[in-house]
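The next block holds one structure in the form of structure tokens; read it before the comments.
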Number of protein chains: 2
Amino acid sequence: MLRTARMAASANAEGSLLPIDTILVGDCIKHMNALPAGSVDLVFADPPYNLQLDQGLTRPDQSRVDGVDDAWDKFDSFAHYDIFTRAWLKAARRILKPDGAIWVIGSYHNIFRVGAALQDLDYWLLNDVIWRKANPMPNFRGTRFTNAHETLIWAAKDRDSRVTFNYEQMKQANDDVQMRSDWLFPICTGAERLKDDDDEKLHPTQKPEALLYRVISATTKPGDVVLDPFFGTGTTGAVAKKLGRHFIGIEREDTYIAGALKRIASIRPLSAATIETAVPKRSAPRVAFGSLVEMGLITPGTELYDDRQRWSALVRADGSLVSGDHMGSIHRVGALVQGAEACNGWTFWHARQGSRLAPIDDFRSQVRAQMERLSA
Amino acid sequence: MLRTARMAASANAEGSLLPIDTILVGDCIKHMNALPAGSVDLVFADPPYNLQLDQGLTRPDQSRVDGVDDAWDKFDSFAHYDIFTRAWLKAARRILKPDGAIWVIGSYHNIFRVGAALQDLDYWLLNDVIWRKANPMPNFRGTRFTNAHETLIWAAKDRDSRVTFNYEQMKQANDDVQMRSDWLFPICTGAERLKDDDDEKLHPTQKPEALLYRVISATTKPGDVVLDPFFGTGTTGAVAKKLGRHFIGIEREDTYIAGALKRIASIRPLSAATIETAVPKRSAPRVAFGSLVEMGLITPGTELYDDRQRWSALVRADGSLVSGDHMGSIHRVGALVQGAEACNGWTFWHARQGSRLAPIDDFRSQVRAQMERLSA
DNA sequence: AATGCTCTTGAATCCAAAC
DNA sequence: GGTTTGGATTCAAGAGCAT
């Protein structure tokens with residue numbers, strides 16, 4: 001019998017078969033195998049690291065470093081670790097939707113085995129992402145470089161998956177340049193770090209919420225289901241709830257579950273308005289150039305130019321263009337005059353507006369705004 | 001018969017059995033197997049990455065990206081790539097001295113397989129190091145995070161090896177703080193990039209000398225022997241010579257060898273006194289507005305104002321702003337509400353702090369200071 | 001001489017809906 | 001399911017040239 005620790009405050013209103021907003025108690029492979037196939041949007045996993053710290057590490061002042069030596073982090077060999085890794089990755093892949101994706105975080109002790117396993121199991125790697133720690137633990141012995149980062153792998157269920165990636169959102173958050181594969185965050189300390197009754201850290205490797213915030217907001221939509229098979233103290237659940245996503249956590253240790261339940265219960269979801277994001281151009285309603293002509297925003301007979309006025313074309317009544325011998329759609333004629341394979345006519349062609357040239361895309365924006373107003 | 005292209009200017013004065021300061025022509029596994037066991041201090045390897053590019057890629061301006069489509073990067077499957085990888089790694093391990101070490105560089109396409117192979121062959125991983133590219137190629141289709149880094153693995157021949165690590169030198173070069181595992185360098189362009197007679201790049205993936213400079217100065221002593229089984233245009237040889245180390249290169253392609261010979265011949269070794277390294281300073285961490293939201297310094301739903309409170313905007317969960325019909329980054333919305341072409345959102349927008357308004361740039365300064373403090 | 005502008009280019013697993 | 005078509009998409013660093 002598989003145990004469940006349900007969040008009182010988040011009963012599953014949709015009546016889905018999925019144990020939404022719930023922590024499942026026990027082995028993650030068994031629990032995942034009991035879930036319906038193709039039902040989860042994203043898996044985020046922070047598996048045990050197979051750290052081989054067989055002797056204690058001491059700081060220069062002889063104080064002990066509290067290394068990761070819990071029983072769950074011991075594996076006899078790489079072979080055992082590989083068997084474990086492939087088993088849970090396979091179970092995770094089964095429950096992912098066809099367009100689902102997975103994130104796995106690790107360090108050099110385990111991430112190479114995880115990455116190879118992902119490839120062997122026909123996941124399709126999308127990015128490896130570096131979490132650069134603003135405040136890593138120094139290398140006390142001075143024998144290596146400060147181990148100042150961890151690696152995340154983002155992979156699709158398979159090569160054909162069309163995964164969620166909120167590109168525009170990431171770009172806007174990053175001062176209007178593409179978000180890179182190296183992310184800078186402090187490690188989890190202070191008030192965010194969960195403590196036990198003795199004021200010791202409750203979990204040895206609690207991840208910062210900022211890291212999950214970026215993962216979840218970049219690669220899920222509001223309402224999506226995120227499953228974390230190594231839930232620990234529930235950072236994934238806390239951030240999912242905050243961002244209006246659902247979570248499923250799986251965890252074996254009762255002390256972690258107790259901490260996670262309390263933590264998540266105290267989270268207040270952000271309002272729908274703040275979570276809502278701009279509609280990317282890709283999914284904006286389609287507006288044909290011909291309708292601009294029909295609506296009178298562009299008059300037949302108007303001359304269009306590229307931004308440097310190397311080429312021009314005439315707008316015909318049916319919304320097609322003519323330029324010399326070339327005729328066709330705005331895209332086709334734009335490509336033909338340049339001798340290019342393809343062309344986005346919306347940004348290539350411009351119309352005179354007073355003394356300056358305005359891209360015809362501006363007219364389309366007007367139409368779209370008008371349509372939004374009318375439908376609202 | 002294995003061919004050799006010896007550097008005229010660097011005949012092997014010590015009479016060693018090793019083909020010092022020489023390029024060996026042909027297959028690296030055969031050549032390594034012909035060298036004496038336990039004779040090399042360091043191996044630096046930049047193997048094929050096994051990129052799987054099945055279609056062309058064009059930039060938004062319709063120009064074509066010159067991708068890596070060379071025959072030497074083609075493998076039938078991961079299984080074939082693994083066989084190749086394990087074969088050369090095994091040959092490399094045999095020729096390493098007992099306290100020798102290896103560096104391998106790669107990307108997410110191949111580095112996980114390389115790392116797992118190193119572990120399986122009883123190498124002992126010391127660090128993974130991230131080369132953060134200052135000027136990576138963007139993701140032109142907006143489908144993923146900018147792939148802005150490559151990964152290097154530094155491993156000892158085995159667990160007991162006492163490898164060379166010039167800790168003090170690295171620390172001094174890094175403003176008296178430990179050198180971290182994330183390194184920032186520009187990619188190899190400009191005058192450093194070797195060109196052929198048609199002024200095309202001679203090699204598709206030439207590495208920057210600065211990267212090798214740090215690798216060699218951190219993990220070898222003057223006079224050590226560095227072997228590079230995928231020598232290419234000889235960056236490893238050029239830097240080794242400059243830093244007073246010996247090199248052995250192995251390369252199959254005659255055009256690369258010709259370029260490497262000419263290049264290395266023109267290198268003047270630094271004086272023994274100068275081989276104290278000078279490494280570039282750390283750059284001030286770049287902090288995006290979205291990070292402030294992710295890190296909880298600015299809460300989604302917060303209202304921002306310009307200094308005279310003529311306009312206001314709402315902070316959304318993804319780090320974008322909304323103000324009336326306008327939405328986008330702090331800069332874009334700042335420009336839109338003013339009807340201006342551009343705007344520095346950092347100084348334009350303010351948040352309430354008690355009774356007064358504080359520019360959001362103040363929050364960024366706090367984060368920067370915190371990160372500097374923590375990393376120092 | 002210094003500054004500013006344009007043009008080129010880089011290890012890339014880079015589209016999606018309609019027909 | 002394959003094919004066609006619409007139209008979405010880029011950042012930093014050098015080099016070269018003009019002011």
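Small disclaimer: the values here were computed from a predicted structure and weren't measured. Residue numbers begin at 1 in each chain, while the letters A, B, ... track the order of the sequences.
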Pairing string, 5' to 3', for DNA chain C - Watson-Crick or wobble contacts under 3.5 Å, brackets [ ] where pairs cross, | to another strand: .|||||||||....|||||
Would you indicate what A:Arg364 reaches in the nucleic acid, counting non-hydrogen atoms under 4.0 angstrom: base, sugar-phosphate, or nothing?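 Answer is sugar-phosphate: A:Arg364 comes under 4.0 Å of backbone atoms only.
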Does A:Ala342 reach a base, just sugar-phosphate, or nothing at all? Heavy atoms under 4.0 Å.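 Base contact.
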Less than 4.5 Å apart, side chain to side chain, heavy atoms only: is that true for [X] and [Y]?
X: A:Asp120; Y: B:Arg113; result: yes
X: B:Asp66; Y: B:Lys201; result: yes
X: B:Pro208; Y: B:Trp131; result: yes
X: B:Trp154; Y: B:Ser181; result: no

Over 60° means perpendicular and under 30° means parallel, so classify the ring planes of [Y] and [X], tilted if in between.
X: A:Trp103; Y: A:Trp183; answer: tilted
X: A:Phe348; Y: A:Trp311; answer: tilted
X: B:Phe230; Y: B:Trp88; answer: perpendicular

Are side-chain N/O atoms of [X] and [Y] paired as donor and acceptor at under 3.5 Å?
X: B:His331; Y: B:Ser329; value: no
X: B:Arg364; Y: B:Ser291; value: no
X: B:His149; Y: A:Asp128; value: yes

Value in whole Å for how far the [atom2] atom of [N] lies from [atom1] of [X]:
X: A:Trp346; N: D:dG6; atom1: CH2; atom2: P; answer: 12 Å
X: B:Arg132; N: D:dC11; atom1: CZ; atom2: C1'; answer: 15 Å
X: A:Leu336; N: D:dT5; atom1: CG; atom2: C1'; answer: 14 Å
X: A:Phe289; N: D:dG6; atom1: CZ; atom2: P; answer: 14 Å
X: B:Phe185; N: D:dG14; atom1: CZ; atom2: P; answer: 14 Å

Between [N] and [M], how many Å separate the two [atom1] atoms, rounded to a whole number?
N: D:dT10; M: C:dC7; atom1: C1'; result: 14 Å
N: C:dA18; M: D:dA8; atom1: P; result: 14 Å
N: D:dG7; M: C:dT13; atom1: P; result: 27 Å
N: C:dA11; M: D:dT9; atom1: P; result: 25 Å

Counting distance only, does the side-chain N/O of B:Asp228 pair as donor-acceptor with the main-chain N or O of B:Gly234 below 3.5 Å?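 Answer holds: no.
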Does B:Phe145 offer a backbone N or O that forms a donor-acceptor pair with the side chain of A:Asn127 under 3.5 Å?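 Present.
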Please classify C:dT13 as syn or anti, treating any glycosidic angle within 90° of 0 as syn.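 You should classify C:dT13 as syn.
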Who are the side-chain hydrogen bond (donor to acceptor under 3.5 Å, both in side chains) partners of B:Asp61, not counting sequence neighbours?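 Expected list: B:Ser63.
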Checking B:Glu150 now: which residues fulfil side-chain hydrogen bond (donor to acceptor under 3.5 Å, both in side chains) with it, not counting sequence neighbours?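 For B:Glu150, the residues satisfying side-chain hydrogen bond (donor to acceptor under 3.5 Å, both in side chains) (neighbours in sequence not counted) are B:Tyr49, B:Lys133.
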Summary of protein contacts for nucleotides 9-19 of chain C, nucleotide by nucleotide, where a base hit scores B, a sugar-phosphate-only hit scores S (4.0 Å, heavy atoms): BBBBBBBSS--
All N/O pairs under 3.5 Å across the protein-nucleotides 4-6 of chain C interface:
none

Give me the residues of residues 311-333 of chain A where at least one heavy atom lies under 4.0 Å from an atom of DNA chain D, by number, or none.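 Output list: A:His331.
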